[in-house]
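Here the structure is laid out as C-alpha cells; the discussion comes afterwards.
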Amino acid sequence: MTQTRKRLDGVFEGGGVKGIGLVGAVSVIEAAGYEFANLAGTSAGAIVATLLAAGYNAAELKQTINGIDFNTFEDPPLIGHIPFVGAVVDEIFLKGLYKGDVFLHLMRDLLAKKGVRTFRDLISPEFAGDDRYRFKVRVVASDISRGRMLVLPQDVRDYGMAPEDLEVALAVRMSMSIPYFFEPVKLTDSFIVDGGLLSNFPIELFDSAGIPEWPTFGYKLVISDKADPSQLVQHPISGPISELAALFFTAIEAHDAYYLSNDKFVRTIVIDTLDVGSTDFNLTADKKEALYQSGVSAAKTFLDHWNFEEYIALYRSGRPMPTRRELVLPRAASSSSP
C-alpha cells in the first residue's frame, strides 16, 4: 500500500554528540509519511540536516553514527602533541584544542557517496528561482570577527564567493566549530565558529507571511525537567580557558530552553538528552542507542498531538496569537465546571 507523502520543513538544533537523538526523531517522521522540502540546522543539527538534504535517510544515518568513534574527532594540531605546553599554546595561538580535520574528511566522504561536493549539487529545482529556498539545506554559523550570524551558503556572498561554489562539508565544519575545542575556520579575514553561539535553534528560518502550505517541525535537544540534578552535565572550571568554554556551553544549552513562544513550541519535537554533554566523545553503543530511542519517543509523542489545521487557526490565520494565559484559563474554567 502506497503512503501519501506529506511535506514539511525541518530545522535541527545543535548539541554536539547529543545530535544522535535528532536522527531517532527523524526516523519516526519518515515512517509517518513526511518528506522534507527545506532543511536547516546548527552545529550537530547542521550535520543531520545536510546529510538528509544529500539523500541519506534515518536508517542510513543511524548506521553511520553507530560506526563512528567520536574520540577520533579529537585530532590535536602538531604542537598539541608537545606535553604540558602544547594544549595551552593551541588555545592561545590556534584558538582550539582540535583541528577538526578528521570530521571534515568524514563529512566529505559521506557527502561524496551521494554525489555532493558543493552547494551547486544541492540546488532545489522546485525553488531555484527563489534565493531564500534555492538550496535544499541552510547551515548556521557565527562570524566572531564581524560579530554576525551567517546563514550558509547565501551569506558567503559577503566574502566574495558564489554560494554555489561553497564546499558543503566546509560549511558544516564551520557550523560545528565549538569554541575552545575545534579550531575556527578562516573565511577571508574572518574567524567562523559554531552557529550555536548566535542561533542554536533557528526554527523561524523558513517562516514567511501568510498561511504556509506545509509546516516547519523543529527538533530541539533539552535536559528533562525530571533529570536527577546530580547527573546533569557539569562544566568544571580550572582556569580562564575552561571558564570561557563553560560560558559558551552554558549559553548554547540554556538558549531558548527557558522560554519558547507558543507558536514555536507547538511545532517543536522536544528530545531528552539523557544527561549527555555536547562533547562526550566517548559515548558507548548503549548510550548512542538510548539517545536515538529518546528521539523516537519524543517524535511519537509530538505526532500524537500535532494538528496542522489547528496550528494555522491559532497562529497563522492573521488573528492575534493567544497568550499562555488565554490558553490555560479556558482549560482551568472547564475543569472547574460542575
Between D275 and K287, does the side chain to side chain contact (heavy atoms under 4.5 Å, CB included) criterion hold? Intermediate values first, please. CA-CA 10 Å; D275 72 33; K287 202 65 172 181; 3.6 Å; yes
Would E310 and V266 satisfy side chain to side chain contact (heavy atoms under 4.5 Å, CB included), going step by step from the backbone distance to the final call? CA-CA 10 Å; E310 183 177 298; V266 298; over 6 Å; no
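Under a cut-off of 6.0 angstrom, the local environment of CZ in R117 is sparse, with at most 12 non-hydrogen atoms contributed by other residues, nucleotides or ligands. Annotation: K300, atom NZ; neighbour count of heavy atoms from other residues, nucleotides and ligands within 6.0 Å does not exceed 12.
A heavy-atom distance below 4.5 Å is found between the side chains of I269 and I29. Contact annotation: the side chain of P163 never approaches that of F119 to less than 4.5 Å [non-hydrogen atoms, C-beta and beyond]. Within the 4.5 Å cutoff, side-chain heavy atoms of F265 are placed close to those of V270. Side-chain contact check for L52 versus L61: some heavy-atom pair is nearer than 4.5 Å.
Among residues at least two apart or in separate chains, side-chain hydrogen bond (donor to acceptor under 3.5 Å, both in side chains) pairs with a member in residues 43-59 are S43-D194. Applying the salt bridge (charged side-chain N to carboxylate O under 4.0 Å, His left out) definition to pairs two or more places apart or across chains, those involving residues 39-66 are E60-K114, K62-E289.
No side-chain donor-acceptor contact under 3.5 Å links S297 to the backbone of Q293. No donor-acceptor pair under 3.5 Å is formed between the side chain of N66 and the backbone N or O of Q63. Not a single donor-acceptor pair under 3.5 Å links the side chain of N38 to the backbone N or O of D9. A distance-only check finds a donor-acceptor pair linking the side chain of K6 to the backbone of A32 [under 3.5 Å]. With hydrogens and angles disregarded, no donor-acceptor distance shorter than 3.5 Å links the side chain of K18 to the backbone of L221. In this structure, the side chain of S294 does not engage the main chain of T273 through any donor-acceptor pair within 3.5 Å. Formation of a donor-acceptor pair under 3.5 Å by the R132 side chain with backbone atoms of L205 is found in this model. Counting only distance, with no hydrogens or angles, the side chain of S142 and the backbone of M149 share no donor-acceptor pair below 3.5 Å.
Here R148 pairs with D143, R146, L150, D155, D158, Y159 under the side chain to side chain contact (heavy atoms under 4.5 Å, CB included) rule; sequence neighbours left out. In this view, N282 satisfies the side chain to side chain donor-acceptor pair (under 3.5 Å) rule with no residue, not counting sequence neighbours. The ring pair (Phe, Tyr, Trp, His ring centres under 6.0 Å) check on W306 picks up F217, F302, Y311, with sequence neighbours excluded.
Rounding to the nearest 0.5 angstrom, the gap separating the OG atom in S145 from the NZ atom in K186 is 7.5 Å. The CD1 atom of I144 lies 10.0 Å from the CG atom of L198; values are rounded to the nearest 0.5 Å. In this structure, CD1 in I123 is found 10.0 Å from NZ in K136, a value given to the nearest 0.5 Å. Once rounded to the nearest 0.5 Å, the distance linking CD of E126 with CZ of R7 reads 4.0 Å. How far CG of L110 is from CD1 of I68: 6.5 Å, rounded to the nearest 0.5 Å. Here the OG1 atom belonging to T42 is positioned 11.0 Å from the CD1 atom belonging to I47, to the nearest 0.5 angstrom.
Cluster membership check: V23 shares its hydrophobic cluster with V296, using side-chain heavy-atom separations under 4.5 Å among Ile, Leu, Val, Met, Phe, Trp and Tyr. Connection of I203 to F206 is not established within any shared hydrophobic cluster, with ILVMFWY side chains joined at heavy-atom distances below 4.5 Å, either directly or through further cluster members. Taking hydrophobic clusters as Ile, Leu, Val, Met, Phe, Trp and Tyr residues chained together by side-chain heavy-atom distances below 4.5 Å, W214 does not share a cluster with V137. L51 and Y34 fall within a single hydrophobic cluster, where Ile, Leu, Val, Met, Phe, Trp and Tyr are joined by side-chain heavy atoms under 4.5 Å apart, directly or via other members. Hydrophobic cluster membership differs between L303 and V11, with clusters built from Ile, Leu, Val, Met, Phe, Trp and Tyr side chains linked at under 4.5 angstrom.
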Side-chain donor-acceptor pairs under 3.5 Å in residues 166-174, sequence neighbours left out?
| from | atom 1 | to | atom 2 | distance (Å) |
| --- | --- | --- | --- | --- |
| E167 | OE1 | R108 | NH2 | 3.2 |
| E167 | OE2 | R108 | NE | 2.6 |
| R173 | NE | G100 | O | 3.4 |
| R173 | NH1 | S177 | OG | 2.5 |
| R173 | NH1 | E183 | O | 3.2 |
| R173 | NH2 | K99 | O | 2.6 |
| R173 | NH2 | E183 | O | 2.7 |

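Minimum heavy-atom separation, A299 to V28: CB-CB, 3.6 Å. Heavy atoms only, all atoms of each residue included: V116 and A54 are closest at CG2-CB, 4.0 Å. For the residue pair G41 and S175, the shortest heavy atom distance occurs at O-OG, 4.3 Å. Of all heavy-atom pairs between F12 and A49, the closest is CD1-CB, 3.9 Å. Heavy atoms only, all atoms of each residue included: R316 and G210 are closest at NH2-O, 3.0 Å. Between A25 and Y219, the shortest heavy-atom distance links the atoms CB-CD2, 3.8 Å.
Using cut-offs of 30° and 60° for the angle between ring planes, the F127 and Y133 rings count as tilted.
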